[in-house]
Amino acid sequence: MSVIKSLKVRLAQGLTALLLLTIACVASAQDLTASVDRNELAINETFTLTLRYSGKQSGGQPDFNLLEQDFEVLSRQQSNQYRVINGRAESFVEWTVILAPLKEGKLFVPSLHLHGEVSDAIPITVNQAGQAPAGQNRKAFLEVETDKEKIFVQEQLLVKVRLYTTVGLHDIATDPLQIPGAHVEKVDERRFERRIDGVGHAVYELTYAVFPESSGELQIPSLNYVAVTGRRDPFSLFNRNAQRIRLRSEAKTIPVEPKPDSYSGSHWLPAASLGLVQSWSKDPEQFKVGEPITRIITLRAEGLRAAQLPPLPELNIDGLKTYPDQPQQEDQPGPSGVDGSRIETTAIVATKPGSYQLPAVTITWWDTKTGRQRATQLPAFRFIVSGASIATPTEGGKFDQSISPTPTTSTVKPGFWQKLAIVAIALHFLWILYFFYLRKNRLTSVTTRKRKKPINPVGAEKLKSLAKDASPQEIQAGLREWLHSRWPNLGALGLEAATKQLGISELSQIVEILNDTTYKAPPKPINRPQLQILVERLIRQEDHVDVKTKELPDLFTGGTA
């Protein structure tokens with residue numbers, strides 16, 4: 001019995017040793033292994049996955065697309081290794097993959113497959129983004145800064161995203177800032193250097209202007225930056241010393257308050273500043289009946305887009321006819337955000353003399369700097385119109401006539417000689433009309449044959465002289481006079497409307513230069529050489545171009561009374 005018992009013990013020990021040997025052999029026979037440099041990291045950090053294949057088959061590679069479910073593949077390198085350790089030779093293929101997590105929580109690097117071999121899955125713990133390291137330990141990090149802690153609806157919020165680095169970065173790729181329920185516009189981009197704790201940092205800064213469209217909370221999402229570290233080697237195809245990194249900014253939440261109940265304006269205008277400027281095409285003190293004069297009002301706001309600015313009130317004054325032009329809207333982005341402007345141009349024609357007063361223009365707005373309601377006003381403007389009245393048709397379509405006694409007449413039947421005289425007079429009148437008709441046709445044909453001669457040489461020379469040394473306002477007035485002498489059917493159209501009507505490219509460029517110099521704030525310096533060249537080309541070509549003007553409105557029967 002004891003012998004049988006000892007045999008059983010030895011048999012059990014042998015089976016156990018055989019099982020352990022089998023497990024060891026299986027373990028040593030795994031030809032595809034995976035490892036990571038760390039299993040726990042923050043959402044804005046990266047880690048390295050090393051995959052090694054030591055099997056006998058060659059070629060091929062694992063399906064790395066499986067990693068993209070939970071991770072972003074920043075870089076991947078492959079190397080073939082052969083080495084001898086303690087007299088034992090071994091060879092293998094190794095892949096080094098830099099990964100960035102796409103979300104927080106418990107994740108897994110999935111099992112990868114190659115030539116029938118399977119690697120083990122690796123657990124990864126991803127935590128919230130930590131603060132940027134201090135001092136010399138931070139080599140690259142992101143910073144998001146807003147100019148306000150809370151804002152009103154439709155108020156401008158400046159968001160600055162800064163990339164700090166102490167190492168060389170290139171091929172920087174960024175996510176565009178997109179915020180649902182808000183208008184976002186990039187207004188500035190700059191590079192500079194800043195010292196932090198005595199360490200110099202290169203800074204790449206982007207500035208966005210954000211306009212929330214509703215009250216509540218404005219969610220500024222995290223932004224991803226991907227860049228390549230190290231110096232770019234133009235003679236290397238692989239740049240093995242370079243490494244792609246990914247940086248992730250922190251998300252921010254900004255409270256957005258509704259329009260204050262105390263605000264009494266007709267349009268909600270939250271701005272840092274708002275101004276009204278008025279200018280005239282010529283001296284308003286020389287107003288005459290029937291002569292058009294152009295009024296230009298510029299509404300400009302700091303921290304508002306042009307689309308947010310309201311239209312100005314219309315003029316409705318007895319004795320004045322108005323012809324408003326299409327408003328011009330312009331946004332000027334800059335480091336301090338968006339400055340919006342709205343320019344309204346109106347041609348005014350007086351139909352009778354007298355004293356007139358244009359009412360004051362008042363714009364109510366909310367001062368975002370002081371947090372209170374304010375009003376900007378363009379004062380009322382009084383002027384005197386000289387000249388004789390222009391007859392206007394009455395409602396029935398007939399002109400007003402002086403009231404005078406109507407003489408009583410008796411009906412007299414014409415005799416034969418009276419009828420003959422009436423016929424003779426009518427025939428004579430028809431012959432006169434026919435004579436003037438033939439004469440008009442001859443003059444038209446002569447004008448057509450002589451079209452290539454200068455029509456108004458004195459006006460052309462005056463316009464050249466004005467372009468050389470006159471002020472922009474004087475050039476505008478001279479150009480307007482020259483246009484109306486050249487094309488009389490333009491009537492009382494303003495300079496902008498006449499330019500659109502004629503469609504001459506040189507004229508459009510001249511008007512644009514003068515507008516930039518006259519109406520922009522700050523004014524743009526006038527380019528005299530370019531202006532003189534455009535005026536010369538306009539005068540040279542205008543006699544050779546057949547400009548077909550459209551039917552123009554009657555200034556004294558149409559428009560806004």
Side-chain angles (χ1 to χ4, degrees), residues 279-283 286 290-296 298 323-330 343-349 443-520 522-553 555:
S279 61
W280 297 88
S281 60
K282 58 183 179 181
D283 189 355
Q286 300 178 1
E291 293 186 1
I293 187 171
T294 303
R295 183 195 196 194
I296 304 102
T298 302
Y323 301 88
D325 203 352
Q326 189 72 19
Q328 299 180 12
Q329 296 181 342
E330 182 181 6
I343 302 175
E344 294 198 5
T345 305
T346 305
I348 303 175
V349 179
L443 289 175
T444 303
S445 105
V446 169
T447 302
T448 304
R449 290 194 301 270
K450 295 182 179 180
R451 181 70 184 273
K452 293 185 178 180
K453 295 183 179 181
I455 292 179
N456 190 7
V458 177
E461 293 300 324
K462 180 181 177 182
L463 186 61
K464 292 180 184 179
S465 176
L466 290 174
K468 186 176 180 181
D469 51 15
S471 67
Q473 291 77 12
E474 293 174 337
I475 299 174
Q476 285 178 325
L479 180 61
R480 191 179 299 103
E481 293 177 4
W482 182 82
L483 287 175
H484 287 94
S485 66
R486 175 63 184 82
W487 288 284
N489 57 344
L490 290 176
L493 283 183
L495 198 55
E496 296 283 349
T499 302
K500 295 179 181 178
Q501 189 75 27
L502 295 175
I504 303 177
S505 61
E506 286 81 3
L507 179 59
S508 301
Q509 296 179 55
I510 293 173
V511 172
E512 183 179 356
I513 292 176
L514 295 176
N515 287 345
D516 290 345
T517 306
T518 306
Y519 306 128
K520 279 196 172 182
K524 186 176 181 181
I526 190 169
N527 190 336
R528 291 283 180 182
Q530 182 184 7
L531 183 64
Q532 294 178 24
I533 292 173
L534 289 172
V535 170
E536 291 280 354
R537 289 170 56 185
L538 176 64
I539 294 173
R540 284 201 307 268
Q541 80 150 8
E542 57 91 14
D543 291 328
H544 303 282
V545 177
D546 184 18
V547 179
K548 298 181 180 179
T549 57
K550 301 176 183 177
E551 187 69 23
L552 299 176
L555 287 177

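The model shown is predicted, which means the values in this text are computed figures rather than measured ones. Just so it is clear, the values below take in all heavy atoms, side chains as well, and ignore hydrogens, waters and symmetry mates.
With contacts defined as side-chain heavy-atom distances shorter than 4.5 Å, the pair Ile343/Glu330 does not qualify. In this structure, the side chains of Leu534 and Ile513 come closer than 4.5 Å at one or more pairs of heavy atoms. In this structure, Lys464 and Gln532 have side chains that are not in contact, with every pair of non-hydrogen atoms separated by 4.5 Å or more. Contact check for Leu507 versus Leu483: side-chain heavy atoms found under the 4.5 Å cut-off. When side chains are defined from C-beta on, Trp482 does not count as touching Val535, because their heavy atoms never get closer than 4.5 Å.
Checked by atom type and distance alone, the side chain of Glu474 pairs as donor or acceptor with a backbone atom of Ser471 at under 3.5 Å. Judged by distance alone, with hydrogens and angles left aside, the side-chain atoms of Ser281 form a donor-acceptor pair with the main-chain N or O of Thr294 at under 3.5 Å.
Residues that satisfy the side chain to side chain donor-acceptor pair (under 3.5 Å) test with Arg480, not counting sequence neighbours, are absent from this structure.
Taking OG1 from Thr499 and CD1 from Ile504, the interatomic distance works out to 9.0 Å, rounded to the nearest 0.5 Å. Distance CG/Leu538 to CD/Gln509: 10.5 Å, rounded to 0.5 Å. How far NZ of Lys468 is from CG of Leu531: 13.0 Å, rounded to the nearest 0.5 Å. Considering CG of Leu463 and CD1 of Ile539, their distance stands at 5.0 Å, rounded to 0.5 Å. The NZ atom of Lys282 sits 15.0 Å away from the CD atom of Gln473 when rounded to the nearest 0.5 Å. A distance of 7.5 Å separates OG1 of Thr345 from CG of Asn515, quoted to the nearest 0.5 Å.
For the pair Asp283 and Ile293, the tightest heavy-atom approach, listed with the atom from each and the gap, is O-CD1, 4.1 Å. Looking at every heavy atom in both residues, Ala467 comes nearest to Arg528 through O-NH1, 3.2 Å.
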Take Trp487 and Leu502 through the test side chain to side chain contact (heavy atoms under 4.5 Å, CB included) and record every step on the way to the result.
CA-CA 9 Å; Trp487 288 284; Leu502 295 175; 3.6 Å; yes

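Using a 4.0 Å cut-off between charged side-chain N and carboxylate O, Glu481 and Lys462 make a salt bridge.
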